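Okay, so here's the structure we're looking at.
Worth saying up front: this structure is predicted, and the values here are computed from it rather than measured. What's counted below: heavy atoms across the whole structure, side chains too, no hydrogens, waters or symmetry copies.
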Amino acid sequence: MNIKLDKFLNYTLLVMVILWPVMQQYVVFDGAGRIPAFTAIICFFVNFYFNKAKIFSAPYVFWGVWVIFSICNTHFQGNSLETPLFFYLGLFTNFVILYVSSLEFRRDGDYFLKFISICLLIYAFGSFFTMQNWNNTGRMLGFSGNMAILMLMFLPGFSILRYQYKNGSIFMVLFYLSVALYFVIAGATRKALGGVFIIVFMAILANINFRSWKTIFFTIVTILVVYYGFNYVLENTILGERFIKEGEISEKLIPYQFRDNWFFKFLGDRAGYYIRGWQYFLDNLWFGIGLRNFAVYDYGKQVLHTEYMVQLAECGLIGTTLYLLFMGWMAYNLLYIFFNIAKRETLVYAGMYGAILFVSFTAWTYQFPIYFIVFGIIIGYCKDKRFKEKLYANRNLQKRRLV
């Protein structure tokens with residue numbers, strides 16, 4: 001079997017970044033992640049050699065410049081990291097993951113989705129066998145805490161895409177959805193529940209046929225199941241208790257003058273990050289305070305739990321502009337494809353994109369590979385659709401000239 005070097009290295013890197021934390025639970029070595037970082041460097045140069053032209057295109061350039069800027073900005077401003085080198089290598093690794101995910105998804109989307117889904121299932125089993133009561137709160141979390149739940153949040157989306165392309169069954173979709181919901185409910189992670197809901201909701205919209213009574217009946221049944229299921233979760237699980245109790249507690253943590261603000265009520269205990277982060281942004285308008293330095297400035301020793309304020313407070317207007325260019329490229333192309341090329345399938349990609357936007361309100365995302373795998377899938381889809389559109393337009397133009 002002929003396997004290209006770049007393809008072999010790309011999939012090797014993806015296995016490493018997803019399953020390396022699982023391996024550390026059984027065979028402890030290279031906990032700092034030197035081997036995945038070294039593999040990412042090799043991957044970059046190999047892919048640069050084979051696909052030089054593609055890597056210098058939007059949105060890779062936007063995020064690549066963001067990575068360079070963030071590393072330099074954080075380094076020259078000073079940083080609160082004990083091992084900044086590996087942190088910087090992690091940012092670079094995520095850039096490589098973004099590119100190789102987009103590339104491999106365009107090469108064979110079904111194989112790529114199947115491969116990533118299997119890796120996530122292995123991750124799920126590894127997390128399942130290490131689950132324990134977290135700080136006596138009743139939340140059952142594995143070795144990687146919330147991160148496992150946020151990773152598995154995308155499993156339903158991957159299976160729905162395979163189902164849409166006639167490469168998977170509805171039973172596979174239900175199985176992956178059950179796995180994701182089990183971890184969400186056991187770990188009582190509210191943002192992950194919201195992310196799963198957005199993905200599933202967009203998938204239902206993508207598959208509704210309003211002319212089919214069967215589809216309408218199935219949709220109504222699904223809505224009822226979700227409604228009563230959500231009420232059951234609220235009344236009988238730790239996740240439900242977190243929605244109710246922590247909502248009351250977090251309101252007390254919001255400064256008095258902001259308690260009537262609906263946005264801060266939505267953020268709950270994360271509202272303080274926005275209030276204080278905004279002030280740091282105003283005081284450091286262009287460059288911010290540098291990645292991970294919020295903990296030093298705020299004396300709380302906590303990472304800034306919101307991607308949006310990470311960009312403003314820690315990266316300033318320069319970093320925020322690059323972030324918006326990167327995210328905006330995907331939003332623009334998804335909208336363009338939805339209105340001009342393919343409506344239904346685009347909604348599922350938009351659902352995964354929306355899930356990341358939702359999670360970004362109360363978590364930082366720039367540091368974790370799973371988000372860049374998903375971004376890579378979305379970018380691969382957008383580039384593929386736009387390329388085929390252009391190719392089709394050129395063929396029509398040539399036919400007209402011949403006539």
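A donor-acceptor pair under 3.5 Å is absent between the side-chain atoms of D110 and the main chain of Y165, judged by distance alone. Using a distance-only test at 3.5 Å, with no hydrogens or angles considered, no donor-acceptor pair links the side chain of S101 to the main chain of L98. The backbone N or O of N146 lies less than 3.5 Å from no partner atom in the side chain of T189, so there is not a single donor-acceptor pair. In this structure a side-chain-to-backbone donor-acceptor pair under 3.5 Å is missing from N333 to K383. Without hydrogens or angle criteria, E314 side chain to L304 main chain gives no donor-acceptor distance under 3.5 Å. Between the side chain of N10 and the main chain of F8, no donor-acceptor pair closer than 3.5 Å is present. In this structure, the side chain of T130 engages the main chain of S127 through a donor-acceptor pair within 3.5 Å. Judged by distance alone, the side chain of R162 and the main-chain N or O of G168 form no donor-acceptor pair under 3.5 Å. Put simply, the side chain of Y381 never gets that close to the backbone of R106: no donor and acceptor are under 3.5 Å apart. Remark: side-chain polar atoms of Y280 are paired, donor with acceptor, to backbone N or O of Y297 under 3.5 angstrom.
Here K343 pairs with nothing under the salt bridge (Lys or Arg N to Asp or Glu O under 4.0 Å) rule; sequence neighbours left out. With sequence neighbours left out, the salt bridge (Lys or Arg N to Asp or Glu O under 4.0 Å) criterion links R107 to D6, E104.
Surrounding CZ of F87 are more than 12 heavy atoms belonging to other residues, nucleotides or ligands, all under 6.0 Å away. Shown here is Y163, whose OH atom has no more than 12 heavy atoms of other residues, nucleotides or ligands within 6.0 Å. Enclosure of atom CZ in F50 by more than 12 non-hydrogen atoms of other residues, nucleotides or ligands within 6.0 angstrom is indicated. Counting heavy atoms of neighbouring residues, nucleotides and ligands inside a 6.0 Å radius, atom OH of Y336 exceeds 12 of them. Around the CZ atom of F86, the shell of radius 6.0 Å holds more than 12 heavy atoms that belong to other residues, nucleotides or ligands.
Using a 4.5 Å heavy-atom cutoff, the side chains of Y371 and V359 are in contact. Proximity of V184 to M153: side-chain heavy atoms (C-beta onward) are nowhere separated by under 4.5 Å. Side-chain atoms of M147 and M151, non-hydrogen and from C-beta on, do get closer than 4.5 Å to each other. Looking at heavy atoms from C-beta onward, I373 lies in side-chain contact with L14 at the 4.5 angstrom threshold. Residues V303 and R292 form a side-chain contact, since some pair of their non-hydrogen atoms from C-beta on lies under 4.5 Å apart. Contact of the T93 side chain with the P36 side chain is not registered, since no non-hydrogen atoms from C-beta on lie closer than 4.5 Å. W329 is listed as a side-chain neighbour of I379, based on a closest heavy-atom distance under 4.5 Å. At least one side-chain heavy atom of C72 sits less than 4.5 Å from a side-chain heavy atom of F76.
Under a cutoff of 6.0 Å and an axis angle of 45°, K7 and Y111 form a cation-pi pair.
Proximity of the aromatic rings of W63 and F372 is defined here by a centroid distance below 6.0 angstrom, and this criterion is met. Ring centroid separation for the pair Y308 and F361 comes in under the 6.0 Å cut-off. Close placement of the W278 and F281 rings is indicated, their centers lying within 6.0 Å of each other.
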Check the pair F92, F44 against ring-ring contact (aromatic ring centres under 6.0 Å, His included), reporting the backbone distance first and the verdict last. CA-CA 9 Å; F92 172 75; F44 174 78; 5.5 Å; yes
Assess whether side chain to side chain donor-acceptor pair (under 3.5 Å) is satisfied between Q302 and Y273, documenting all intermediate values. CA-CA 10 Å; Q302 287 191 355; Y273 293 116; 2.4 Å; yes
Determine, step by step, whether L121 and L152 satisfy the side chain to side chain contact (heavy atoms under 4.5 Å, CB included) criterion, reporting the C-alpha distance in whole Å, the side-chain angles of both residues, the deciding distance to 0.1 Å, and the verdict. CA-CA 8 Å; L121 280 179; L152 298 174; over 6 Å; no
Check against side chain to side chain contact (heavy atoms under 4.5 Å, CB included), Y353 and L357: CA-CA 6 Å; Y353 179 82; L357 292 181; 3.5 Å; yes
Please step through side chain to side chain donor-acceptor pair (under 3.5 Å) for the pair T306 and Y274, ending with a clear verdict. CA-CA 8 Å; T306 154; Y274 282 80; 2.9 Å; yes
Might you work through the side chain to side chain contact (heavy atoms under 4.5 Å, CB included) test for V196 and L177, ending with a clear yes or no? CA-CA 8 Å; V196 171; L177 178 59; 3.9 Å; yes
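Atom-to-atom distance recorded for F175:CZ and S117:OG is 10.5 Å, nearest 0.5 angstrom. Annotation: the span from I356 atom CD1 to I378 atom CD1 amounts to 5.5 Å, rounded to 0.5 Å. Atoms CG and CZ, on L322 and F69 in that order, are 7.5 Å from each other to the nearest 0.5 Å. Taken to the nearest 0.5 Å, the CD1 atom of I341 stands 7.5 Å off from the OG1 atom of T346. Summarising the geometry, atom CG belonging to L89 is positioned 10.5 Å from atom CZ belonging to R34; distances are rounded to the nearest 0.5 Å. I18 contributes atom CD1, which lies 11.0 Å from atom CD1 of I118 (distance to the nearest 0.5 angstrom).
When all heavy atoms are compared, the tightest approach of P369 to N94 is CA-OD1, 3.4 Å. The shortest non-hydrogen separation linking A203 to I160 is CB-CD1, 3.5 Å. Nearest heavy atom pair, residue N293 against residue I289, reads ND2-O, 2.7 Å. When all heavy atoms are compared, the tightest approach of L291 to C315 is CD2-SG, 3.8 Å.
Side-chain contact of Y323 with E307: a donor-acceptor pair under 3.5 Å is absent, judged by distance alone. Between the side chains of Y60 and S102, a donor-acceptor pair is found at a separation under 3.5 Å.
Ring-plane geometry between F128 and Y182 is classed as tilted, the angle between the planes lying from 30 to 60 degrees on a 0 to 90 degree scale.
Considering F158, Y176, F125 in turn, F158 is the only one that fulfils the side-chain contact (heavy atoms from CB on, under 4.5 Å) rule with L120.
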